[in-house]
Protein chains: 2
Amino acid sequence: MHHGIAIGKVSEAAGVKIPTIRYYEQIGLLAPDRTDGNRRTYANEDIERLTFIRHSRELGFDIDEIRTLLSLQDHPHQSCHEADTIAKVRLVEVKRKIASLIALKAELERMVEGCSHGRVETCRVIEILADHGKCVFHDSVAAA
Amino acid sequence: MHHGIAIGKVSEAAGVKIPTIRYYEQIGLLAPDRTDGNRRTYANEDIERLTFIRHSRELGFDIDEIRTLLSLQDHPHQSCHEADTIAKVRLVEVKRKIASLIALKAELERMVEGCSHGRVETCRVIEILADHGKCVFHDSVAAA
DNA sequence: CATACATCCTCTAGCCACTATAGGAGCAAG
DNA sequence: CTTGCTCCTATAGTGGCTAGAGGATGTATG
């Protein structure tokens, strides 16, 4: 009876698309059983695992980081120092990215506001893209 | 004499790597001449063009958008309406991305601050990743 | 029991914007 | 003439999936 859960249900429950689940299996994040008819069957823990993965991806962790985080989760008696470090590194990246995007936003606003909606030859958008010196964004980000 | 500029010099001048320049040529953004010995030769306009491309990429425009922007630049008597629109769309994207990253930053800070630096079993980082309900980020971004 | 239809399987190729590697040719200086 | 640098082409790889072909399996109904 207890065949486990089919991939479609798991997909729905965890919010991860079917081909993505198969991809995660392929790269070794998951190892479901099979039925006699060669169909994948999952347990509830697999849904939790996939939710963990999805959540981590949403937070911007890459697959290698997730691999580490999963193996930490699998061995809960270890020190959580490594998980902490991974999160901290990610936090620094995110802060940098925010700073960069804010500069970028300013530049785009300058472009759009400066545009007089005339011809390309006098367009501030094109002008700023062409002339490096007129760009604020480049310097502020190159420095970061 | 006037052989034009070699790819290495162009690369340095425009701040675009050599294989990337060749890639841009392959996808039709650039069309250099060749010497007798089959080497690419560039003019100063090509350096400007590559700088334009690099700058646009730094601002997050994709290749298709850049293709459009370049063709606008090549025909300066057209209306700049399209360039304006492309920049505006990009600006909206950037604003959304900033909002999302700020939520993400808050979540990572909550994870890192909550971590008591003990065992994985009591680690707030792992806990939040595993338990969707404890996450602030997901809702705030799903709503956006 | 047959049939229709949904769901699943594997395998391969494609996406974006590059980047890396192999294996060779051109060219300028000593 | 040889050393060593720059350049050439062509192919494959990167990350994280996504799409499609072509076929097998499972289930609900007639």
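Given the structure is predicted, the values throughout are model-derived calculations rather than measurements. Chain letters run A, B, ... following the sequence lines, proteins first and then strands; every chain starts at 1.
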Can you measure [X] atom [atom1] to [N] atom [atom2] for me and round it to whole angstrom units?
{"X": "A:K9", "N": "D:dG26", "atom1": "NZ", "atom2": "P", "answer": "16 Å"}
{"X": "A:E65", "N": "D:dG15", "atom1": "CD", "atom2": "P", "answer": "13 Å"}
{"X": "B:D64", "N": "C:dA17", "atom1": "CG", "atom2": "P", "answer": "8 Å"}
{"X": "A:I63", "N": "D:dC17", "atom1": "CD1", "atom2": "P", "answer": "5 Å"}
{"X": "B:R34", "N": "D:dT6", "atom1": "CZ", "atom2": "C1'", "answer": "14 Å"}
{"X": "B:Q26", "N": "C:dT19", "atom1": "CD", "atom2": "C1'", "answer": "13 Å"}
{"X": "A:L59", "N": "D:dG16", "atom1": "CG", "atom2": "P", "answer": "15 Å"}
{"X": "B:R67", "N": "C:dA17", "atom1": "CZ", "atom2": "C1'", "answer": "12 Å"}

Are [X] and [Y] packed together at the side-chain level, in the sense that at least one heavy-atom pair is separated by less than 4.5 angstrom?
{"X": "A:L91", "Y": "B:K105", "value": "yes"}
{"X": "A:S56", "Y": "A:I66", "value": "yes"}
{"X": "B:Y24", "Y": "B:I53", "value": "yes"}
{"X": "B:H81", "Y": "A:H117", "value": "no"}
{"X": "B:C80", "Y": "B:L72", "value": "no"}

NZ/NE/NH1/NH2 to OD/OE distance under 4.0 Å, [X] and [Y]:
{"X": "A:R90", "Y": "A:E93", "value": "yes"}
{"X": "B:R119", "Y": "B:E127", "value": "no"}
{"X": "A:R39", "Y": "A:D33", "value": "no"}
{"X": "A:R124", "Y": "A:E113", "value": "no"}
{"X": "B:D46", "Y": "B:R49", "value": "no"}

Take nucleotides 24-30 of chain C nucleotide by nucleotide from the 5' end and write B, S or -, depending on whether a protein heavy atom sits under 4.0 Å from the base, only from the sugar-phosphate, or from neither. -BBS---
How many angstroms lie between CD1 in B:I102 and CD1 in A:I102, if you round to the nearest 0.5 Å? 5.5 Å
Estimate the overall bend of the helix from C:dC1-D:dG30 to C:dG30-D:dC1 from the end axes over five pairs each, rounded to 10 degrees. 20°
side-chain N/O [X] vs [N] OP1/OP2, d < 4.0 Å:
{"X": "B:R40", "N": "D:dT9", "result": "yes"}
{"X": "A:R57", "N": "D:dC17", "result": "yes"}
{"X": "B:Y24", "N": "C:dA17", "result": "no"}
{"X": "A:R54", "N": "D:dC17", "result": "no"}
{"X": "A:Y23", "N": "D:dG15", "result": "no"}

Assign B:I27 to base, sugar-phosphate, or nothing according to its heavy-atom contacts below 4.0 angstrom with the strands shown. nothing
Within residues 12-22 of chain A, find the residues that approach DNA chain C with a heavy atom at under 4.0 Å, and present them sorted by residue number. A:I18, A:R22
Here the pair of heavy atoms bringing B:A43 nearest to B:I5 is C-CD1, 4.0 Å
